[in-house]
S.K.: 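The structure follows.
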Protein chains: 2
Amino acid sequence: MNDAKEILKKSKLRPTIQRVAIVDYIIEKHKVHITAAKLIKYLKNKKINISLATIYNNLNELADKGILKKFYVNNDKMWFDTNLQDHYHFYDPEKDELIDINKNEISFSKSPKIPNGKVKGSINIIINLKNKN
Amino acid sequence: MNDAKEILKKSKLRPTIQRVAIVDYIIEKHKVHITAAKLIKYLKNKKINISLATIYNNLNELADKGILKKFYVNNDKMWFDTNLQDHYHFYDPEKDELIDINKNEISFSKSPKIPNGKVKGSINIIINLKNKN
DNA sequence: TAGATTATTAGAATCATTCTAAACTAGAAA
DNA sequence: TTTCTAGTTTAGAATGATTCTAATAATCTA
């Protein structure tokens, strides 16, 4: 059994052709930032029959199972990240591309007081990039 | 001439009824996070005739002129902020509400290396809030 | 006040994402 | 294996925020 099937089995997701293809991609690319549009383009190229709805269904499911991390960059679109560790991103609008910022590349010497009755949830840091002119 | 008209004149924007109403709102609320949907609701309540398209046109124009700051929270929607200083936000998904984090409430002791050929653009920090359980 | 310019508007268009409900498939049980 | 059932996939419709279009209206300048 290949790794993709193994992973899917562990998450109680049936290893359909489409799902295996998606997970294979994730394994192959290892660390990658995925967009539904980018992924369907890649799979169509590989002659794998899959619909956009299935791409979304599966990326969302994989995120629910903790195999991917789902997040947003500006208003643009939904991204999925295979890097599950706490980390942040540079965004290069020119290439529509994200670059990881590992947690150890940023540290805070002062953090803001959380409002009463609330606790900190996920933290989103995006540093937008511009070309040096 | 009222403040709203003054501001619009400085930005070379004609002080139409709709624009004056929007800028009045901004002045009155002083520091506020605006959404097109919230704003149209408020203005309709005040019996001001305005269409959604006009709201968007004007919020975008005011952002272009530097009177508002435009940004996004998750994928949800476009927000406009009257606080023009560098600052960040808490987001309370339950109330669909933003809370400012002033720049002096956060400080970095370590910042990531900017990729070659690029420079830092805007920095987006959103700390999502959850209820204390 | 006229003419030119700029604004507003309703409704259509767009785009990413989700929903729907019908057709299909994998896996369990016999 | 066949059969059954729950889980999947799919095309296309629906959604929701935002932008576009092009017709109408308001403001400004001379």
S.K.: Rounded to the nearest Å, what distance is computed from the CG atom of residue B/N58 to the P atom of nucleotide D/dC20?
M.R.: 15 Å
S.K.: If you check every side-chain atom of B/R19, which of C/dT6, D/dT8, D/dT10 has the closest atom?
M.R.: C/dT6
S.K.: Using side chain to side chain contact (heavy atoms under 4.5 Å, CB included) as the criterion, list what pairs up with A/N131, not counting sequence neighbours.
M.R.: A/E94, B/K118
S.K.: Write down the distance between CD1 (B/I22) and P (C/dT9), rounded to a whole number of angstrom.
M.R.: 9 Å
S.K.: Can you list everything that forms a side chain to side chain contact (heavy atoms under 4.5 Å, CB included) with B/K47? Sequence neighbours excluded, please.
M.R.: none
S.K.: Out of B/L68, B/I34, B/T35, which one pairs with B/W79 under the side chain to side chain contact (heavy atoms under 4.5 Å, CB included) rule?
M.R.: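 Single pass found, and it is B/T35.
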S.K.: What is the distance, to the nearest angstrom, from the CD1 atom on A/I55 to the P atom on C/dT17?
M.R.: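 These atoms are roughly 12 Å apart.
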S.K.: Could you please name the option among D/dT10, D/dT8, C/dT17 that lies closest to any side-chain atom of A/K77?
M.R.: C/dT17
S.K.: What's the CG-C1' distance between B/N60 and C/dT8, to the nearest Å?
M.R.: 15 Å
S.K.: Taking only the side-chain heavy atoms of B/Q18 (C-beta and beyond), determine which of C/dT9, D/dT9, D/dT18 contains the nearest atom.
M.R.: C/dT9
S.K.: May I have the distance from B/Y56 (atom OH) to C/dA13 (atom P), rounded to whole angstrom?
M.R.: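 So the two atoms are 19 Å apart, to the nearest Å.
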S.K.: Which nucleotides of nucleotides 23-30 of chain D have their base under 4.0 Å from a protein heavy atom (B), which only their sugar-phosphate (S), and which neither (-), written as one string 5' to 3'?
M.R.: ---BBS--
S.K.: Which of these nucleotides, C/dT18, D/dT10, C/dT9, is closest to any side-chain atom of A/N57?
M.R.: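 Among the listed nucleotides, the one closest to the side chain of A/N57 is D/dT10.
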S.K.: Return the set of residues passing side chain to side chain contact (heavy atoms under 4.5 Å, CB included) with A/N104 (not counting sequence neighbours), or none when no residue passes.
M.R.: A/N102
S.K.: Quick test of your reading of the model: are B/D96 and B/K77 salt-bridged, counting only N-O distances below 4.0 Å?
M.R.: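 Yes.
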S.K.: Taking only the side-chain heavy atoms of A/A36 (C-beta and beyond), determine which of C/dT17, C/dT18, D/dT19 contains the nearest atom.
M.R.: C/dT17
S.K.: Show which side-chain atoms of residues 11-27 of chain A pair as donor or acceptor with protein atoms under 3.5 Å away, not counting sequence neighbours.
M.R.:
residue, atom, partner, partner atom, Å
A/T16, OG1, A/R19, N, 3.1
A/R19, NE, A/R14, O, 2.9
A/R19, NH1, A/N58, OD1, 3.1
A/R19, NH1, A/E61, OE1, 2.8
A/R19, NH2, A/R14, O, 3.4

S.K.: Return whichever of B/L52 or A/A37 has its heavy-atom-nearest nucleotide of DNA chain C closer to the 5' end.
M.R.: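 The 5'-side residue here is B/L52.
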S.K.: Tell me the interatomic distance from A/K38, atom NZ, to C/dC15, atom C1', rounded to whole angstroms.
M.R.: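 From A/K38 NZ to C/dC15 C1': 16 Å.
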S.K.: Going by the rule side chain to side chain contact (heavy atoms under 4.5 Å, CB included), which residues pair with A/S107 if we only count those two or more places apart in sequence or in a different chain?
M.R.: B/S109, B/K110
S.K.: Find the distance B/E61:CD to D/dT18:C1' and express it as a whole number of Å.
M.R.: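 Checked: the CD to C1' distance equals 15 Å.
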